[in-house]
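Chain A is the first sequence line, chain B the second, and so forth, proteins listed ahead of strands; every chain is numbered from 1.
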There are 2 protein chains.
Amino acid sequence: MRTAKRITAADVARLARVSTATVSLIVNGKADGRVSAGTRARVLAAVDELGYRVDAVARELATGRRHGVGLIVPDLANPYFSQLTQGVAAGLGGGHRLSLIIADPVRDPDPGSLDRLLAGGVAGILAEAPAADLIRELDGRAPVVVLDRPSPEADHPYVGFALDDGALALADHLLGLGHTRIGYLDADIGAPTFEVRRARMERRLREAAGHGFTGPAVRCRTDIDAAAEAFAARWDAWRAAGVTALVCAADVHAYGVLRAAGRLGVAVPGELSVAAFDDLPFSAVTGPPLTTVRLSAFDLGFRAAELLVGVMGGRPMDAAVPLLPATLRVRGSTAPPAGPSEPRPGAGAGGAR
Amino acid sequence: MRTAKRITAADVARLARVSTATVSLIVNGKADGRVSAGTRARVLAAVDELGYRVDAVARELATGRRHGVGLIVPDLANPYFSQLTQGVAAGLGGGHRLSLIIADPVRDPDPGSLDRLLAGGVAGILAEAPAADLIRELDGRAPVVVLDRPSPEADHPYVGFALDDGALALADHLLGLGHTRIGYLDADIGAPTFEVRRARMERRLREAAGHGFTGPAVRCRTDIDAAAEAFAARWDAWRAAGVTALVCAADVHAYGVLRAAGRLGVAVPGELSVAAFDDLPFSAVTGPPLTTVRLSAFDLGFRAAELLVGVMGGRPMDAAVPLLPATLRVRGSTAPPAGPSEPRPGAGAGGAR
DNA sequence: GTGAAAGCGCTAACAC
DNA sequence: GTGTTAGCGCTTTCAC
């Protein structure tokens with residue numbers, strides 16, 4: 001906790017027989033014509049000998065400039081968020097350090113950790129789908145860019161996906177295959193992105209089939225195990241309701257469904273088609289490969305980071321950032337429903353594209 | 001970049017008609033019996049009215065205490081590292097902020113980003129499999145804990161897995177199934193963890209079968225696409241060499257192999273058994289589910305973080321940290337080799353446990 | 001060219 | 001109880 005005694009600019013100055021001002025100029029490369037070659041060499045030698053490094057904390061205090069960017073995400077175990085983080089890191093480019101707050105998606109981050117984040121010399125904040133409370137809490141503390149949801153509470157600039165397109169495409173895909181009774185496995189948090197995914201699909205189903213989703217409304221954590229359990233517990237009810245296709249709010253849910261279906265002996269897509277949203281890299285290698293709506297979390301993070309850097313740099317934020325695409329990827333987990341009479345016809349089980 | 005004019009303790013002091021010292025005591029909860037209720041209330045009111053927040057940068061400068069922990073990881077797109085990061089966050093507990101450096105695994109992080117990391121009030125560093133150069137660079141700058149490899153260059157405490165156990169178990173599993181010609185798809189970076197995985201298995205194969213791995217030595221990036229390509233390019237050679245089982249250095253490689261095998265029409269495990277190391281959560285839902293050696297990256301991160309907190313707190317580091325377990329998970333991707341005469345016998349294709 | 005000195009915003013002795 | 005006063009380590013005018 002307590003840092004060992006550091007080497008300060010004063011130490012260097014003493015050894016090089018100059019003032020700390022000179023040391024500062026030199027280590028910051030601002031010594032153009034202002035410092036003689038001799039002095040410069042002496043100072044550099046001293047720096048080297050002592051192993052001096054400028055203390056950035058002191059530097060940030062002195063200059064008033066902060067170089068950190070804080071990222072608030074719910075859960076790095078979900079590849080969606082780690083891709084997003086990777087995108088943020090890339091979009092930030094050099095020159096910024098990235099501080100992470102992993103916040104329980106349900107509860108907002110505790111105020112302490114928020115303070116700690118802001119504490120670390122944070123000049124801007126990236127918040128993934130923050131709850132309204134958090135948005136308010138953040139507002140005014142530093143430039144903020146919101147990801148994956150609009151920020152009506154404080155109109156921060158935000159980046160998100162054209163979810164409508166994706167939801168529509170998925171609904172039409174399933175409808176086109178001949179499914180009419182479709183179940184939905186939702187996330188257990190009421191984030192806008194999940195609201196939209198479900199609501200938009202449901203509206204389309206209503207238009208086309210005269211009714212929305214079929215069977216029990218199920219919500220569960222975005223976690224393979226939780227989804228597997230949820231599916232196992234509800235499959236009977238869904239089947240009883242005649243469900244032939246199940247849409248999951250996120251790929252991770254679908255992974256759980258696939259696992260549980262395998263164990264229960266439910267053939268996918270023979271007996272049940274499964275589809276989802278996200279298109280994580282693993283969705284191409286599940287058994288069977290997953291039909292899903294691609295939402296590039298990497299791009300989302302990248303764009304958000306770029307935007308934040310711009311805003312921090314004083315660029316006026318045009319809140320109207322174009323939405324990122326959401327396009328359907330059809331793979332092996334969806335197929336036409338089995339005829340009611342013939343239990344399992346040809347069921348093209350699995351098989352990548 | 002430039003923070004808007006901040007509200008300082010002096011502002012609060014002025015408004016509350018007290019000194020900044022008093023403000024400091026109160027906002028830090030050190031006002032036990034030292035401050036009267038009246039003053040306290042006045043100050044709190046002023047804090048509220050002004051929206052004052054203590055500037056952590058200044059605070060860290062003043063106290064000399066740093067609360068940040070820096071984590072250096074190569075690639076958050078690999079779930080192994082995001083699980084690890086999640087574990088670190090959990091192990092750190094409240095009271096520390098986590099700064100991330102995502103460093104190209106090949107090149108070490110550029111000195112600039114390292115400086116920036118250290119700059120941000122970092123009191124300790126967690127480095128995932130740093131190259132020797134990096135270790136030296138880090139040494140002495142702050143307490144360091146190394147993950148996934150020993151740190152002979154500077155004997156920092158480190159945490160890792162009992163890889164020998166896992167490698168042995170996997171070798172024996174394959175041998176026991178009847179495979180004698182086994183291929184190996186390695187990572188393209190020479191990290192010790194990968195060295196050990198391969199070398200230990202190879203040694204066992206030598207003991208048991210009289211020869212090491214069969215077929216071309218292939219190395220590629222730890223990335224699904226790269227592995228798929230690598231497999232597609234080498235499968236002919238492996239098959240020609242009589243390979244019936246392929247071990248991958250990491251699950252992510254195996255995912256690529258699975259995908260490529262599917263597209264090439266290579267039956268797994270009928271024609272080729274596939275196994276790997278890591279046991280990421282997705283390995284239970286691949287088609288077929290993957291036989292792999294479980295290495296809990298979350299636990300690794302958690303333990304490392306605990307250790308670092310201890311070291312930073314001044315606890316003497318007993319470099320001898322027990323290794324984390326590496327246990328084999330047998331799933332559907334491995335099976336006995338097909339007899340040379342009968343192309344595809346019963347091949348229990350897929351099917352989770 | 002180089003140094004002196006005044007902060008940056010806060011904490012922590014030590015007075016009063 | 002509360003205020004005064006030094007710093008923390010650095011940057012940055014402004015003299016010399």
Residue Ala62(B), side-chain heavy atoms: nucleotide from dT12(D), dG9(D), dG9(C) that is nearest: dG9(C)

- request: Could you tell me whether the side chain of Ser296(A) reaches within less than 4.5 Å of the side chain of Leu324(A), counting heavy atoms only?
  value: no

task: Please state how far atom CG in Leu50(B) lies from atom P in dG9(C), giving the value in whole angstrom units.
output: 14 Å

- prompt: Only one of Leu25(B), Val43(B), Val12(B) clears side chain to side chain contact (heavy atoms under 4.5 Å, CB included) with Val18(B); which?
  reply: Val43(B)

task: Mind checking Val23(A) for me? I need base, sugar-phosphate or nothing, with any heavy atom below 4.0 Å counting as a touch.
output: nothing

- prompt: Can a side chain N or O of Thr39(A) be found less than 4.0 Å away from OP1 or OP2 on dT2(C)?
  reply: yes

- prompt: Given dG3(D), is OP1 or OP2 found less than 4.0 Å from the side-chain N or O atoms of Ser19(B)?
  reply: yes

message: Can you measure Ile7(B) atom CD1 to dC8(C) atom P for me and round it to whole angstrom units?
response: 16 Å

statement: The residue, Ala9(B) or Arg34(B), whose nearest nucleotide of DNA chain C is more 5′ is Ala9(B)

task: Could you check how far CG of Leu25(B) sits from P of dG1(D), rounded to whole Å?
output: 13 Å

message: Using a strict threshold of under 4.0 Å (side-chain N to carboxylate O), is an ion pair present between Arg14(B) and Asp11(B)?
response: yes

field: Residue-phosphate contact under 4.0 Å: Ser36(B) side-chain N/O, dT2(D) OP1/OP2
entry: yes

query: Salt-bridged, Arg136(B) to Asp133(B), with N to O below 4.0 Å?
result: yes

- prompt: Given atom CG of Asp55(B) and atom P of dG9(C), what is their separation to the nearest angstrom?
  reply: 7 Å

- line: Whole-Å distance, Arg42(B) CZ to dG1(D) P, equals 14 Å

task: Answer yes or no: does a side-chain N or O of Ser24(B) lie under 4.0 Å from OP1 or OP2 of dT11(C)?
output: yes

task: Kindly check if the number of other-residue, nucleotide or ligand heavy atoms within 6.0 Å of CZ (Arg40(A)) is above 12?
output: no

statement: DNA chain D nearest-nucleotide lookup for Ala21(B) and Leu61(A): closer to the 5′ end is Ala21(B)

task: Taking only the side-chain nitrogens and oxygens of Thr22(B), find out if one of them lies under 4.0 Å from OP1 or OP2 of dG3(D).
output: yes

- request: Would you indicate what Arg17(A) reaches in the nucleic acid, counting non-hydrogen atoms under 4.0 angstrom: base, sugar-phosphate, or nothing?
  value: sugar-phosphate

message: Between C1' on dG1(C) and CG on Asp32(A), what's the gap in Å once rounded to a whole number?
response: 12 Å

Euclidean distance, atom CD of residue Glu60(B) to atom P of dG7(D) [Å, nearest integer]: 22 Å

- prompt: Rounded to the Å, how far apart are His67(A) NE2 and dT11(D) P?
  reply: 10 Å

- prompt: So, is Lys30(B) close to the dA12(C) phosphate, meaning a side-chain N or O under 4.0 Å from OP1 or OP2?
  reply: yes

